[in-house]
Amino acid sequence: MPADFSGKWILETNQKFEDYLKALNIDFATRKIAISLSLAKVVVQNADEFNFKTLSTFRNYNLAFTVGVEFDEYTKGLDNRNVKSLVTWEGEKLVCTQKGEKSNRGWKHWLEGDKLYLELTCEDAVCLQVFKRKE
Ligand code: YOG
């Protein structure tokens, strides 16, 4: 049985998010808004099919994918880039590589206790977001 990420999650801590935003060339004003946001993640998981919604009062971002199937991702409302994305299982971690203009780009999700972890990487920037389950 793979890990089950389903549910609604609320951001609790967000380390080095601004470094990640800088690596994506997000401008100063947008960075200041972005780092002030309370983010929520809504995950729907059916076997290896996923739907991730990242929600905020400023912008939302939706991503649907199947593990093991490469797809074209347009990071609409984020940095607005086109990448080739592939999500795979590495043990109990869900690992995405986003091939495109930016090197070393991707993310990893895993569970620890009742928390959802997300590591976001771009170039040499690594951001760690920890979410708690919404009651
Ligand atoms: O999540 O790829 O869970 O897609 C964080 C990066 C801020 C807009 C969100 C809006 C955003 C300006 C998505 C934030 C960086 C900042 C709410 C992370 C770019 C621009 C949408 C992500 C994966 C894994 C699923």
Side-chain angles (χ1 to χ4, degrees):
M1 271 284 280
D4 185 7
F5 299 98
S6 295
K8 178 155 191 190
W9 305 87
I10 308 293
L11 185 68
E12 217 174 39
T13 61
N14 196 359
Q15 289 171 26
K16 304 208 173 168
F17 188 38
E18 190 161 17
D19 291 351
Y20 174 75
L21 298 174
K22 280 184 192 165
L24 289 174
N25 311 115
I26 305 302
D27 68 81
F28 179 87
T30 308
R31 288 203 309 270
K32 294 302 151 189
I33 294 169
I35 61 174
S36 76
L37 294 171
S38 64
L39 299 177
K41 221 35 110 171
V42 178
V43 184
V44 177
Q45 178 176 355
N46 290 301
D48 275 348
E49 291 186 4
F50 284 83
N51 202 292
F52 276 80
K53 292 189 201 303
T54 306
L55 304 174
S56 78
T57 52
F58 180 53
R59 281 176 203 159
N60 299 322
Y61 185 68
N62 296 336
L63 188 71
F65 59 85
T66 301
V67 174
V69 181
E70 190 178 60
F71 61 101
D72 295 309
E73 180 177 6
Y74 175 58
T75 60
K76 187 179 178 181
L78 304 181
D79 61 318
N80 299 303
R81 285 189 176 90
N82 287 106
V83 291
K84 290 268 183 210
S85 297
L86 174 65
V87 183
T88 55
W89 288 109
E90 290 184 9
E92 299 285 281
K93 287 191 183 181
L94 201 57
V95 178
C96 179
T97 56
Q98 296 170 306
K99 272 189 281 172
E101 180 190 341
K102 290 287 171 182
S103 64
N104 195 34
R105 181 171 185 176
W107 52 258
K108 295 182 185 189
H109 266 297
W110 68 95
L111 298 168
E112 246 177 70
D114 54 357
K115 302 287 168 72
L116 173 71
Y117 285 72
L118 171 61
E119 186 184 86
L120 294 161
T121 303
C122 180
E123 297 175 336
D124 62 353
V126 183
C127 165
L128 183 67
Q129 301 188 333
V130 183
F131 297 79
K132 65 176 178 194
R133 247 186 219 286
K134 193 182 177 187
E135 329 295 320

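Every value quoted in this text rests on a predicted model; they were computed, and no experiment measured them. Note that ligands are numbered from 1 as they come in the structure, with each ligand's atoms numbered from 1 the same way.
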What atoms of ligand 1 come closer than 4.0 angstrom to any heavy atom of I26? 19 (C), 20 (C)
Relative to the heavy atoms of T30, which atoms of ligand 1 are at a distance of less than 4.0 Å? 12 (C)
Minimal non-hydrogen separation, T30 against F58, with atom names: CG2-CE2, 4.3 Å
K41, any N or O under 3.5 Å of ligand 1 N or O: yes
Under 4.0 Å from a heavy atom of W107: give me the atoms of ligand 1 that qualify, with their elements. 23 (C), 24 (C)
Tell me if the CG atom of N80 is crowded by more than 12 foreign heavy atoms within 6.0 Å. yes
Would you please test L11 and F17 for side-chain contact (heavy atoms from CB on, under 4.5 Å) and show each step? CA-CA 12 Å; L11 185 68; F17 188 38; over 6 Å; no
Assess, by modelled atom type and distance only, whether the side chains of N14 and Q129 contain a donor and an acceptor separated by less than 3.5 Å. yes
Once the angle between the rings of F65 and F50 is folded into 0 to 90°, is it parallel (under 30°), tilted (30 to 60°) or perpendicular (over 60°)? parallel
Name the orientation class of the two ring planes belonging to F5 and H109 (parallel below 30°, tilted from 30 to 60°, perpendicular beyond 60°). tilted
Protein heavy atom at shortest distance from atom 7 (C) of ligand 1: A34 CB, 4.0 Å
Just jot down the ligand 1 atoms closer than 4.0 angstrom to any heavy atom of Y61, in number order. 4 (O), 21 (C)
Which protein non-hydrogen atom lies closest to atom 21 (C) of ligand 1, naming both residue and atom, and how far is it? R59 O, 3.5 Å
Side-chain donor or acceptor of K102 paired with backbone N/O of A23 under 3.5 Å: yes
the protein heavy atom lying closest to atom 11 (C) of ligand 1 turns out to be L78 CD2, 3.7 Å
Going by the order shown, which atoms of ligand 1 are within less than 4.0 Å of some heavy atom of L63? 4 (O), 25 (C)
Starting from atom 14 (C) of ligand 1, find the nearest protein heavy-atom neighbour and note its residue, name and distance. L39 CD2, 4.0 Å
Within the structure, does H109 bring an N/O atom to less than 3.5 angstrom of an N/O atom in ligand 1? yes
Using side-chain heavy atoms (C-beta onward) and a distance below 4.5 Å, is E73 in contact with L78? no
In plain terms, say whether E18 and K32 are close enough for a salt bridge, that is, a side-chain N and a carboxylate O under 4.0 Å apart. yes
Heavy-atom gap G77 to ligand 1 smaller than 4.0 Å: yes
Name the option, out of L37, L94, N80, that contains the heavy atom nearest to atom 10 (C) of ligand 1. L37
Among the heavy atoms of R31, does any lie under 4.0 Å from an atom of ligand 1? no
Note the single closest protein heavy atom to atom 6 (C) of ligand 1, along with its residue, its atom name and the distance in Å. Y20 CE2, 3.9 Å
Closer than 4.0 Å to some heavy atom of L21 - which atoms of ligand 1 meet that? 15 (C), 16 (C), 19 (C)
Here the pair of heavy atoms bringing K115 nearest to V130 is CB-CG1, 4.0 Å
Atom of G77, atom of R59 and distance for their closest heavy-atom approach: O-NH1, 2.8 Å
Which residue and heavy atom of the protein sit nearest atom 9 (C) of ligand 1, plus the separation: T54 CG2, 4.0 Å
